[in-house]
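A short worksheet on the structure shown next.
The analysis underlying the following values was restricted to heavy atoms, covering all of them including side chains, and did not include hydrogens, waters or symmetry mates. Residues take their numbers from the sequence shown, with the count starting at 1. Every number for a ligand or one of its atoms is a count from 1 in the order of the listing.
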Amino acid sequence: MSIVVTGATGQLGRLVVDALLDTVPAESVVAVVRDKAKAADLAERGVELRIADYDRPETLAEAFGAGDRVLLISGSEVGQRVPQHRAVIDAAKAAGVAQLAYTGILGGPEADFTLAEEHKATEELILASGLPYTFLRNGWYSENYTANLAPVLAHGAVVASAGEGRVASASRADYAAAALPC
Ligand SMILES: NC(=O)c1ccc[n+]([C@@H]2O[C@H](COP(=O)([O-])OP(=O)(O)OC[C@H]3O[C@@H](n4cnc5c(N)ncnc54)[C@H](OP(=O)(O)O)[C@@H]3O)[C@@H](O)[C@H]2O)c1
């Protein structure tokens, strides 16, 4: 049984793997990545790499093992994510994983903004799979704002389209830490 993180070479995935390596032996951690070279540093730290692409279901057949605890980090291609996530869920089901955690979005089924649609559809696919699951309904990354600090400081204003809406953000590192018990 391994703890398997998809999207492990992404910004959130790397933080999850870092946090895992602080708490469990490297031999129990698996990184599912599509670019082996990009994950060389993870392999050097003792993490097993499994190469797979959400767009190529056949590559996902070896990504998971029976009893694995899997964190599916949502894909980054808006509009492509439902078929991509379906392929991952199907592979997890076929492998007989023990737990599937998914990084969805704040609000779950009640979320009424466009970006939530693919996350809601993914949650429905996971529920239909019958797999034990955890939904990590992340809010906005604080880094969405801090990455843009230069113009904010230059103009003395955060310009956005939220109107009176409020945003609860947290750092990627906090979301990564929150994912660990899953
Ligand atoms: N809450 C928020 O504010 C917020 C903001 C932006 C995105 N998100 C969502 O949260 C996810 C993680 O955020 P992040 O900052 O870590 O994003 P990121 O740095 O762009 O990482 C995305 C990860 O997904 C992997 N990936 C993308 N397409 C894939 C495919 N077809 N097959 C296999 N892996 C694939 C990427 O692989 P490579 O390393 O090979 O590129 C990367 O590791 C995003 O993908 C997006 O769904 C949330």
With backbone taken as N, CA, C and O and side chain as the heavy atoms from C-beta onward, which portion of Asp35 lies under 4.0 Å from ligand 1: side chain, backbone, both, or neither?
-> neither
Step through it carefully: locate the ring centre of Phe135, locate the ring centre of His119, and say whether they are under 6.0 Å apart.
-> no
Are any of the N or O atoms of Asn138 closer than 3.5 Å to those of ligand 1?
-> no
Ligand 1 atoms nearer than 4.0 angstrom to some heavy atom of Thr9 are 38 (P), 39 (O), 40 (O), 43 (O)
Who gets closest to atom 21 (O) of ligand 1 by heavy atom: Ala176, Gly10, Ala8?
-> Gly10
Contact (N/O only, under 3.5 Å) between Lys38 and ligand 1 = yes
Side chains of Ser74 and Thr103: is there a donor and an acceptor less than 3.5 Å apart?
-> yes
Taking both backbone and side-chain atoms of Tyr141, is any N or O found less than 3.5 Å from an N or O belonging to ligand 1?
-> yes
Please state which part of Val32 comes within less than 4.0 Å of ligand 1, counting heavy atoms only: side chain, backbone, both or neither.
-> neither
Does Ala52, backbone or side chain, put an N or O under 3.5 Å from an N or O of ligand 1?
-> no
Should the proximity of Ile73 to ligand 1, defined as any heavy atom under 4.0 Å, be assigned to the side chain, the backbone, both, or neither?
-> side chain
Shortest reach to atom 19 (O) of ligand 1 by a heavy atom, considering only Arg137, Gln11, Arg172 = Gln11
Look only at interatomic distance and state if Trp140 has a nitrogen or oxygen under 3.5 Å from any nitrogen or oxygen of ligand 1.
-> no
Do Asp53 and ligand 1 have an N or O pair less than 3.5 Å apart?
-> yes
